[in-house]
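What follows is a single structure, written as structure tokens, with notes after it.
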Amino acid sequence: MWRQTLFWVIVSCILFYMTIPAIVVVMTSFNPGEILSFPPNGFSLRWYEKALTYPDFRGAFRTGLIVALISSTLALVIGTSFAFLVVRYVFPGKNLLEGILSSPLIIPHFTTGFGFLLLGAHLNLNQTLTIIIMTHVVLVLPFVARAVYVSLLNIDPNFERSAANLGASPFMVLSRITVPLIIPGMAGGWLVASILSLTEFSASLYVTASRTQTLPVAMYNYIREYTDPTVAAVSALLIIATMLILMAANHFLGLRKILAIDSH
Amino acid sequence: MNTNNSGHSVDIVEVTKTFANVTAVHKVSLNIRKGEFMTLLGPSGCGKTTLLNMVAGFETQTSGAIRIDGKDISDVPPFMRETGMVFQSYALFPHMNVFDNIAFGLRMRKLPAKEIKAEVERALDMMKLSGMEGRRVRQLSGGQQQRIALARAIVIRPKVLLLDEPLSALDKNLRLQMQVELKELHQKTGLTTIFVTHDQGEALSLSDRVVVMSRGEVQQVSAPIELYTQPANGFVASFIGEINALPKARCQKSGQDFRFEVCPEISLNGRQPARLELKDGQMVHIFIRPEHIEIAGPRHNGANIVKGNVAAHIYQGTHTQTRVNVPGIGLVELRTKGAAAIDQAPLGSEIALSVPLDEAVILPA
């Protein structure tokens, strides 16, 4: 009993510590005053109205959404190919490829952004969506590749052998057995990539311009000029959006159980 | 499933498979006749599964040929070999229901939907699975999964049915029941079948012929009874059933009389073994099954009697396995009906055993 109480106290402390920044921001967003201050001295939804109508944020959200959708989809295609290559084939330089694939975890985001800024200047691509998407693909690729890689490893090789044995050509094995079995992994990887892209800041700061800024960059620019709680309201909205996406992902994990893919 | 006249022969000719620097299968040659139930038996790592995978096309032999109906299939990819395989793990597709699993091979053959439905229903009926079409495979018991895997393999009317330890994941009672069903299925379909197992009981009860393998090589190819009564070598003798291996003995031959000197104190009378021409003074290995040794009684006339102390009784219901420590030989196991031996020969007591060599296996040392 005593130990159980202690356990829950510790868990609550950790949870509180992890969520305190978000709680502070969300509370501040309801502040009726013009100044970012904590704790709030009233309740108002005016900053939410401003957040949703402010043209910079609307534009940046649209840009960010386009970037997120395109870059995570591209990353899905490239990452799936990489995962297949690494799981199914033995070739010289395989380890090196795996290393490169995971390098964005080693290379800081601002380095990637800075690199693409210099490259973009050279290729005359700066201030375009193309360079932002290129940057984001590099940033989210490891997460997609990893998700597909794990699902591929989890497939019993006998599923594919059995299908071939029953008369399925390599293409049919791929389309009827392998791909359906890794679709949960692909979709999960794609969702994570979308969220990461949507909220990525440091690399985006380098490669975006005022016309092509994504939401986190627009928020940063806003907070440099104004001190009202609009940014807090945007943050709260982003948290809600992310939560919705994560709930979708969780629904997706539920789907995995129905497909019984995670049971071996 | 009208496959009674569809048996196909399989010839394995001098097949060798080497992985990196390990030889998994070494110069194996087998002829599997039309409609035959052939079992590949051996301990794990003996090459039996590798051999089966080569027939299915999942592995390519390093040298040698595999022929179905005389036609070399070495270059035929797995999906065109028309073999039906049942995997140890069943490998039922988890994202499909029972119907779609069984229909998979027929769909790959582009049969009309109506025909597929009829064939799948017939297969389900044959496997006593009617009404399970819509179930998810994970909702089914091991025995049901096993039947679906079998149905999926036979519904495509394969030239050869390949079974890779299909019973080993089942519990004992179910395993015995599935043995009976497998046998019935084989009789009904007449499919040429290659069955891989490490379980000698399954091999003896199911097979027309058994191939005993060890370390990638064939040790013996025989019908079950011959395999048990006339093992070709020491490996087969000790792998199939239980057997006592006596110490190396010297053969003393005078006319038609044979005596085998097991140790200075013990000599056993015997006769000319079936397939071995013995010379005087030749060294031999003698193997004798526990059921052929008896506790000596008044009706034994004094020949081939050895004495020892009872070391253990293992009561098994229908019989009792008794271990006797015989000086000069070591531990000797005998099997007697019921529990009589436990009272007759208490632990530690000295008893006399009758060790006739009539049914013993005698091999050159």
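Chain A is the first sequence line, chain B the second, and so forth, proteins listed ahead of strands; every chain is numbered from 1. When reading the values below, keep in mind they use all heavy atoms of this one structure, side chains included, and skip hydrogens, waters and symmetry mates. Not measured: the values here are computed from a predicted model.
Neither the backbone nor the side chain of B:Met80 comes within less than 4.5 Å of any heavy atom of chain A. With a threshold of 4.5 angstrom between heavy atoms, B:Arg109 approaches chain A through side-chain atoms but not through N, CA, C or O. The contact between B:Thr83 and chain A is made by backbone and side chain atoms together, counting heavy-atom distances below 4.5 Å. Neither the backbone nor the side chain of B:Leu106 comes within less than 4.5 Å of any heavy atom in chain A.
Contacts from residues 35-54 of chain B to chain A, taken as heavy-atom pairs separated by less than 4.5 Å, involve B:Asn53 in sequence order.
By the ring-ring contact (aromatic ring centres under 6.0 Å, His included) test, A:Phe57 pairs with A:Tyr54, A:Tyr222, sequence neighbours left out. B:Glu181 is linked by a side chain to side chain donor-acceptor pair (under 3.5 Å) to B:Arg147, B:Gln177, counting only residues two or more places apart in sequence or in another chain. Remark: B:Ser74 engages B:Gln61, B:Asp72 in a side chain to side chain donor-acceptor pair (under 3.5 Å) (not counting sequence neighbours).
At least one donor-acceptor pair under 3.5 Å links the side chain of B:Asn97 to the backbone N or O of B:Asp100. A donor-acceptor pair under 3.5 Å is absent between the side-chain atoms of A:Thr212 and the main chain of A:Thr208, judged by distance alone.
Residues A:Ser204 and A:His109 have side chains that never bring a donor and an acceptor to within less than 3.5 angstrom of each other.
Remark: B:Arg152 qualifies as a cation-pi partner of B:Phe93 under the 6.0 Å distance and 45° angle criteria applied to the six-membered ring.
With A:Leu181 as the partner, the side-chain contact (heavy atoms from CB on, under 4.5 Å) test is satisfied by one option alone out of A:Ile183, A:Ile177, A:Thr178, A:Val179: A:Ile177.
When each of B:Gly84, B:Ala56, B:Gly57, B:Pro77 is checked for heavy-atom pairs under 4.5 Å with chain A, B:Gly84 comes out on top.
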